[in-house]
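None of the values given here were measured: they were computed from a predicted structure.
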Amino acid sequence: MSINSHPPKTQSGFFNDLGELGGNHAQFSEVCTALYERELLFIAHSGISNASILKRRIGGLPHHIRSVARYFVTNSTPLSTDTYNGSWYAKQPKSAPRLPQNADATAQWFRKHADYGLIVPVLVKTIEGIHLELDAIDKTMLVDDVVHLNKHGWFTVEGIIRGNSQESNRRNKQASHSIESLEEESRESGLENYGAFDSKTLLKPTKTIMASACSGHAWNFKSRVSPRALSIREMRLSTQINWKNFTLLK
């Protein structure tokens, strides 16, 4: 039997390995615990049935969680930190970002700054309301004025999801009476300006928008609602934001 010079880490070692902040920084351990608990709940309710995928996802948690926790306790950002829950905190605006943004300004910004790995905000509207998500550009085709996001797919540089308008129209035409009632509430509260239900819009990043995305801010058709918990994927993305001007970190 071969001898491994780097034996597997135990759970205790996760918090106390030489060189890790967990050995002498209580906040680091607290953030790690919160992130572990939250992500394991996400995984438990994810419906993943493939054992290989599940193994890889769980196996990658220590690296991702240590990375986020280390950033949490050693970096300064415009956001407040909630170490008990392993979350970012910023004051929530009364309403979601208004749409549409200035199309020319948005397009100009993405033509100039879109690049592989750039962290961007996406406004997601469902029948339950609106929230913001963090995503990352993984492909650019600026000759066609489009970018591809790792999770949400293709968007034009104006922020419009590509090839989705017909599908949105079809869904809206087939909507049930309950959805029609929600649409009426949407009109009453001004949310018709956010477009069709089950729609996504790529936004030009601003400090307020990015703070809301990091903090899990969400809104229903009348007011603010409790923030959603970010997955470890979004938490990792939040550590790659350039808060100076939201361009790619060098």
Side-chain angles (χ1 to χ4, degrees), residues 71 75-79 88 90-126 129-169 172 186 189-219 224 227-228 230 233-250:
Y71 184 91
N75 287 267
S76 176
T77 75
L79 307 172
W88 299 113
K91 184 177 181 180
Q92 183 169 356
K94 292 182 179 179
S95 59
R98 302 293 293 179
L99 294 182
Q101 288 185 311
N102 183 290
D104 291 337
T106 299
Q108 183 178 5
W109 193 89
F110 278 107
R111 288 189 189 111
K112 182 176 181 181
H113 299 296
D115 202 351
Y116 180 86
L118 180 68
I119 311 304
V120 295
V122 176
L123 185 145
V124 179
K125 181 181 179 184
T126 70
I130 292 173
H131 67 272
L132 297 169
E133 292 187 17
L134 295 174
D135 207 342
I137 293 177
D138 60 14
K139 186 182 295 185
T140 62
M141 293 180 61
L142 296 181
V143 65
D144 295 321
D145 272 352
V146 293
V147 297
H148 187 271
L149 306 189
N150 180 258
K151 177 182 177 180
H152 291 294
W154 290 102
F155 288 83
T156 69
V157 291
E158 291 83 10
I160 301 169
I161 193 165
R162 196 172 187 187
N164 197 51
S165 58
Q166 291 183 349
E167 177 65 14
S168 296
N169 290 336
N172 287 340
S186 175
S189 59
L191 289 183
E192 76 279 3
N193 294 323
Y194 295 102
F197 287 105
D198 295 320
S199 66
K200 299 173 184 178
T201 304
L202 173 63
L203 301 180
K204 176 180 175 289
T206 67
K207 183 177 178 180
T208 299
I209 287 173
M210 295 301 272
S212 285
C214 291
S215 303
H217 292 166
W219 300 262
R224 292 169 286 198
R228 67 185 183 89
L230 270 62
R233 174 184 177 274
E234 282 189 276
M235 292 300 295
R236 282 298 305 269
L237 294 178
S238 75
T239 68
Q240 301 299 313
I241 294 172
N242 180 355
W243 287 99
K244 292 182 178 180
N245 54 21
F246 306 107
T247 59
L248 191 67
L249 279 173
K250 302 297 185 181

Just verifying a value: how many Å separate [X] [atom1] and [Y] [atom2], rounded to the nearest 0.5 Å?
X	Y	atom1	atom2	value
Arg162	Met141	CZ	CE	7.0 Å
Ile160	Ser199	CD1	OG	11.5 Å
Thr126	Lys200	OG1	NZ	11.0 Å
Ile241	Thr247	CD1	OG1	12.0 Å

Heavy-atom closest pair, residues [X] and [Y]:
X	Y	result
Ala105	Lys204	O-CD, 4.1 Å
Pro205	Trp109	CG-CH2, 3.5 Å
Trp219	Pro97	CH2-CD, 4.1 Å
Leu134	Ala213	CD2-CB, 3.6 Å
Ile209	Gln101	CD1-NE2, 3.6 Å

Do [X] and [Y] touch side chain to side chain, with heavy atoms closer than 4.5 Å?
X	Y	value
Lys139	Val146	no
Glu158	Thr106	no
Leu142	Val147	yes
His152	Val124	yes
Asp138	Tyr116	yes
Thr156	Asp145	no
Leu203	Leu99	yes
Leu123	Ile130	yes

Relative to each other, are the rings of Trp243 and Phe246 parallel, tilted or perpendicular (30° and 60° limits)? perpendicular
Any sub-3.5 Å donor-acceptor pair from His113's side-chain atoms to Leu118's backbone N or O? no
The test is side-chain contact (heavy atoms from CB on, under 4.5 Å); show your working for Asn150 and Arg233 and say whether it passes. CA-CA 11 Å; Asn150 180 258; Arg233 174 184 177 274; 3.2 Å; yes
When Ser215, Ser212, Ser238 are each screened for side-chain hydrogen bond (donor to acceptor under 3.5 Å, both in side chains) with Trp88, the one that passes is Ser238
For Lys151, salt bridge (Lys or Arg N to Asp or Glu O under 4.0 Å) partners two or more places apart: Glu133
The test is side-chain contact (heavy atoms from CB on, under 4.5 Å); show your working for Leu202 and Phe110 and say whether it passes. CA-CA 10 Å; Leu202 173 63; Phe110 278 107; 3.7 Å; yes
Verify side-chain contact (heavy atoms from CB on, under 4.5 Å) between Met235 and Tyr71, making sure each step is shown before the conclusion. CA-CA 10 Å; Met235 292 300 295; Tyr71 184 91; over 6 Å; no
